[in-house]
Amino acid sequence: MIRTRFAPSPTGSVHIGNMRAAIFNWLYARHTGGEFLLRVEDTDRERSTREAIDTLLKAMDWLGLSADEKPLYQSTRMEAHLAAAEELLASGHAYKEDKGGLGQGDCVLFKMPEKDMVFEDEIKGKLKKKAADTQDFVIVRSDGTPVFHLANVLDDIEQGITHVIRGDDHIENTYRHIALYKALGAAVPKFAHLPMIINAQGKPYSKRDGDAFVGDFKEKGFLDETLFNYLALLGWSPGDDREVMTRDEMIAAFDLSSCKSSPAQVDLRKLQWMNGEYIRAMKPEAFAEIAEGEVSDLGKNLALCGLLQSRVKLPSEIGPAADFFFNDDYEYNAKAVKKKLLKDGVFQTLEKIAERFQTLGNFDEPTVDKALHDFVEENGVGFGAVMPPVRIAVSGQQSGPDLAPVLAILGKEKVLSRIAKTIQKFG
RNA sequence: GGCCCCAUCGUUCAGCGGUUAGGACUCCAGGUUUUCAUCCUGGCAACACGGGUUCGAUUCCCGUUGGGGUCACCA
């Protein structure tokens with residue numbers, strides 16, 4: 001049984017690089033029918049607040065990274081860690097020493113083996129380290145608290161982890177950890193080191209780059225499916241040309257051997273494109289819910305939501321696009337007015353089309369559409385002479401969704417009053 | 001600096017000795033559309049460099065260059 005894990009230390013926000021590691025662990029466990037576990041490395045009391053842990057849990061929940069067991073909190077394991085250190089001391093794998101410096105008194109050091117080390121990384125292949133290039137390291141501080149390396153390895157043993165999938169900034173640590181496993185008499189898990197996510201400068205993605213945290217993306221309106229899909233594709237591909245994939249498809253296709261070992265950069269434009277894809281694929285009701293969140297009462301207007309759904313990449317674009325439906329004091333786009341409205345004959349056309357609309361009993365889309373077409377035909381003018389002015393009159397904008405449905409949704413009264421208002425204002 | 005990792009279009013992912021080096025995003029052009037978005041068609045654009053190995057290298061090996069990681073009583 002394959003068991004993977006995500007072992008973050010809660011700091012109050014979840015870095016997307018970390019979340020990507022979590023996704024890969026989750027995907028691998030699901031692909032192999034194994035189990036995915038969570039371990040909260042909350043030994044830093046300063047930062048590991050209840051709030052920070054909640055943020056972490058929420059982020060995982062949002063992305064659907066379900067764990068198969070209750071999370072293990074590292075802070076509950078201190079006794080076990082210290083006991084293991086005693087064993088290591090007793091078996092001669094560790095020794096005490098006063099390293100001086102900041103510390104007070106002795107700390108416990110782990111003795112690295114004299115032999116050269118080599119292991120087969122599931123992604124990078126054979127990785128080697130000469131004994132001369134390794135150093136003994138502290139496993140218990142002089143204040144009696146265990147250090148990351150010890151705690152991490154012991155907890156992985158405790159949780160029965162078979163595959164450690166983590167960022168390749170851990171490669172150097174892995175030699176230490178393998179030595180620790182062996183000294184502890186435990187089975188050494190497989191390791192897979194993921195390439196880093198970098199910024200445009202080629203440096204590791206950090207908060208300075210903005211949008212470094214899962215919360216940033218959620219706030220901006222990226223869907224959980226989008227972020228999951230996009231992050232999964234950073235350093236991995238199914239081997240064919242598929243990009244927008246369902247979770248099940250990703251699970252089926254995922255494998256560590258098809259992960260890349262070179263770093264990747266986040267492309268916000270592609271992320272937005274993908275979000276647009278997911279938005280367009282949504283059920284209308286689901287989109288309506290999002291729309292309702294942006295503009296109250298908008299969600300109730302399914303027809304309007306339908307017009308908006310194919311045009312939006314981020315929910316934040318909904319408000320501006322829908323504004324003129326709700327607001328009679330919409331702004332007139334100056335360029336549009338100058339270009340399409342302030343021309344000979346335009347206002348007469350507007351008056352005539354308004355008269356035509358006036359005669360309409362019904363004002364649903366087919367009727368309005370027919371009226372528009374009939375008008376064009378009867379007057380021997382082009383659509384270009386009619387549609388743009390009408391659009392600007394009712395919305396202030398030069399472009400927008402299909403005109404007929406827009407007019408139908410606005411309703412006869414508003415259309416007529418807005419045309420009248422426009423003529424009065426500019427005519 | 002020592003040790004380690006990495007290197008295909010601007011970005012991302014294919015290619016795993018013989019290809020017109022492919023897909024996606026972006027951008028550009030055209031089509032559809034009253035407009036915009038969607039959609040369709042087409043286009044621009046890459047194997048970092050130098051040596052080998054081989055009949056043949058983007059692909060294998062070595063080196064150079066460039067980028068990154070790591071060298072804590074942080075995790």
Side-chain angles (χ1 to χ4, degrees), chain A residues 7-11 18 41-44 47-48 74 97-109 121 123-125 127-130 132-135 137-149 151-152 167-175 193 195-196 198 200-204 230 233-244 258 260-274 276-277 280 307-313 317 321 336 340 369 372-373 376 381-392 395 397-404 406:
Chain A
S9 51
T11 60
N18 277 118
E41 304 211 326
D42 58 343
T43 50
D44 184 340
R47 295 194 296 177
S48 299
Q74 190 159 71
E97 184 182 300
D98 187 343
K99 293 192 76 183
L102 303 169
Q104 299 273 329
D106 285 351
C107 45
V108 180
L109 287 275
D121 189 275
I123 293 174
K124 290 179 188 284
L127 259 23
K128 300 178 201 166
K129 196 77 176 175
K130 291 199 179 64
D133 294 324
T134 64
Q135 271 188 331
F137 58 96
V138 175
I139 53 177
V140 179
R141 298 183 188 89
S142 55
D143 69 0
T145 57
V147 167
F148 162 73
H149 304 292
N152 188 267
D168 67 10
D169 51 337
H170 278 294
I171 286 181
E172 302 296 328
N173 289 336
T174 298
Y175 296 103
H193 289 97
M196 302 273 89
I198 57 173
Q201 286 71 245
K203 307 270 186 197
Y230 185 80
L233 251 26
L234 233 40
W236 171 77
S237 85
D240 48 41
D241 288 336
R242 285 178 294 164
E243 290 197 320
V244 178
S258 49
K260 281 194 64 153
S261 53
S262 52
Q265 198 174 309
V266 174
D267 183 352
L268 253 21
R269 284 174 309 192
K270 184 148 187 176
L271 186 63
Q272 287 192 15
W273 163 79
M274 190 175 274
E277 291 289 302
R280 262 172 263 133
L307 287 184
L308 262 20
Q309 187 168 358
S310 72
R311 330 174 51 81
V312 159
K313 287 192 170 68
E317 295 165 7
K340 302 282 184 183
D369 193 49
L372 249 14
H373 278 79
V376 166
V381 294
F383 283 107
V386 181
M387 307 291 214
V390 173
R391 177 187 296 284
I392 294 166
S395 74
Q397 299 300 313
Q398 196 170 190
S399 64
D402 285 343
L403 189 56
V406 164

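Throughout, protein chains are lettered first and strands after them, A, B, ... in sequence-line order, and every chain is numbered starting at 1.
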For a quick check of understanding: with a heavy-atom distance under 4.0 Å over all strands, which category does [X] fall into, base, sugar-phosphate or nothing?
{"X": "Gln309(A)", "value": "nothing"}
{"X": "Gly276(A)", "value": "nothing"}
{"X": "Gly167(A)", "value": "nothing"}
{"X": "Leu403(A)", "value": "base"}
{"X": "Pro204(A)", "value": "sugar-phosphate"}
{"X": "Asp44(A)", "value": "nothing"}

Taking only the side-chain nitrogens and oxygens of [X], find out if one of them lies under 4.0 Å from OP1 or OP2 of [N].
{"X": "Ser310(A)", "N": "A37(B)", "value": "no"}
{"X": "Lys260(A)", "N": "C13(B)", "value": "yes"}
{"X": "Lys130(A)", "N": "C3(B)", "value": "no"}
{"X": "Arg280(A)", "N": "C39(B)", "value": "yes"}
{"X": "Lys124(A)", "N": "C5(B)", "value": "no"}

In whole Å, what separates the [atom1] atom of [N] from that of [M]?
{"N": "C13(B)", "M": "C39(B)", "atom1": "C1'", "answer": "24 Å"}
{"N": "G52(B)", "M": "A29(B)", "atom1": "C1'", "answer": "46 Å"}
{"N": "G31(B)", "M": "G15(B)", "atom1": "P", "answer": "38 Å"}
{"N": "U8(B)", "M": "C3(B)", "atom1": "C1'", "answer": "28 Å"}
{"N": "U20(B)", "M": "C61(B)", "atom1": "C1'", "answer": "29 Å"}
{"N": "U19(B)", "M": "U38(B)", "atom1": "P", "answer": "37 Å"}
{"N": "U32(B)", "M": "A46(B)", "atom1": "C1'", "answer": "33 Å"}
{"N": "C47(B)", "M": "A14(B)", "atom1": "C1'", "answer": "13 Å"}

Please report the distance, rounded to the nearest Å, between [atom1] in [X] and [atom2] in [N].
{"X": "Ile171(A)", "N": "C5(B)", "atom1": "CD1", "atom2": "C1'", "result": "5 Å"}
{"X": "Asn173(A)", "N": "A72(B)", "atom1": "CG", "atom2": "C1'", "result": "11 Å"}
{"X": "Leu271(A)", "N": "U12(B)", "atom1": "CG", "atom2": "C1'", "result": "12 Å"}
{"X": "His193(A)", "N": "C5(B)", "atom1": "NE2", "atom2": "P", "result": "12 Å"}
{"X": "Trp273(A)", "N": "A37(B)", "atom1": "CH2", "atom2": "P", "result": "17 Å"}
{"X": "Leu127(A)", "N": "U70(B)", "atom1": "CG", "atom2": "P", "result": "15 Å"}
{"X": "Gln397(A)", "N": "A37(B)", "atom1": "CD", "atom2": "P", "result": "14 Å"}
{"X": "Glu243(A)", "N": "C13(B)", "atom1": "CD", "atom2": "C1'", "result": "7 Å"}

Please determine, for the side chain of [X], which listed nucleotide ([options]) has the closest atom?
{"X": "Arg391(A)", "options": "U34(B), U11(B), C4(B)", "value": "U34(B)"}
{"X": "Leu234(A)", "options": "G68(B), U12(B), U38(B)", "value": "U12(B)"}
{"X": "Asp168(A)", "options": "C5(B), G2(B), U12(B)", "value": "C5(B)"}
{"X": "Asp267(A)", "options": "C25(B), A7(B), G69(B)", "value": "C25(B)"}
{"X": "Phe148(A)", "options": "A75(B), A72(B), U35(B)", "value": "A75(B)"}
{"X": "His170(A)", "options": "A75(B), G2(B), C39(B)", "value": "A75(B)"}
{"X": "Lys129(A)", "options": "C3(B), A75(B), C71(B)", "value": "C3(B)"}
{"X": "Ser237(A)", "options": "A14(B), U34(B), A75(B)", "value": "A14(B)"}
{"X": "Asp169(A)", "options": "C13(B), G69(B), C73(B)", "value": "G69(B)"}
{"X": "Glu172(A)", "options": "C3(B), U34(B), A75(B)", "value": "C3(B)"}

For residues Val266(A) and Leu234(A), determine if any side-chain heavy atom of one lies less than 4.5 Å from a side-chain heavy atom of the other. yes
Does the side chain of Gln398(A) come within less than 4.5 Å of Arg391(A)'s, by heavy atoms? no
Under the 3.5 Å rule, do the base of A75(B) and the side chain of Asn152(A) count as making a donor-acceptor pair? no
Donor-acceptor pair under 3.5 Å, Ser261(A) side chain vs C6(B) base: no
Residues Lys313(A), Glu277(A): salt bridge by 4.0 Å N-O rule: no
Lys/Arg-Asp/Glu bridge criterion (N-O < 4.0 Å) met for Arg47(A), Asp44(A): yes
Strictly by Watson-Crick or wobble contacts shorter than 3.5 Å, is anything paired with [N], and which nucleotide is it?
{"N": "G22(B)", "answer": "C13(B)"}
{"N": "C3(B)", "answer": "G69(B)"}
{"N": "C49(B)", "answer": "G63(B)"}
{"N": "A57(B)", "answer": "none"}

By nearest-heavy-atom nucleotide on RNA chain B, the more 5' of Gly384(A) and Gln74(A) is Gly384(A)
By nearest nucleotide on RNA chain B, pick out whichever of Val138(A) and Met196(A) is the more 5' one. Met196(A)
State the [atom1]-[atom2] distance between [X] and [Y], to the nearest 0.5 angstrom.
{"X": "Gln265(A)", "Y": "Lys270(A)", "atom1": "CD", "atom2": "NZ", "result": "13.5 Å"}
{"X": "Ser142(A)", "Y": "Asp98(A)", "atom1": "OG", "atom2": "CG", "result": "7.5 Å"}
{"X": "Lys128(A)", "Y": "Tyr175(A)", "atom1": "NZ", "atom2": "OH", "result": "9.5 Å"}
{"X": "Thr174(A)", "Y": "Asp168(A)", "atom1": "OG1", "atom2": "CG", "result": "10.0 Å"}

Keeping Asp240(A) on the side-chain end and Arg242(A) on the backbone end, is there a donor-acceptor pair under 3.5 Å? yes
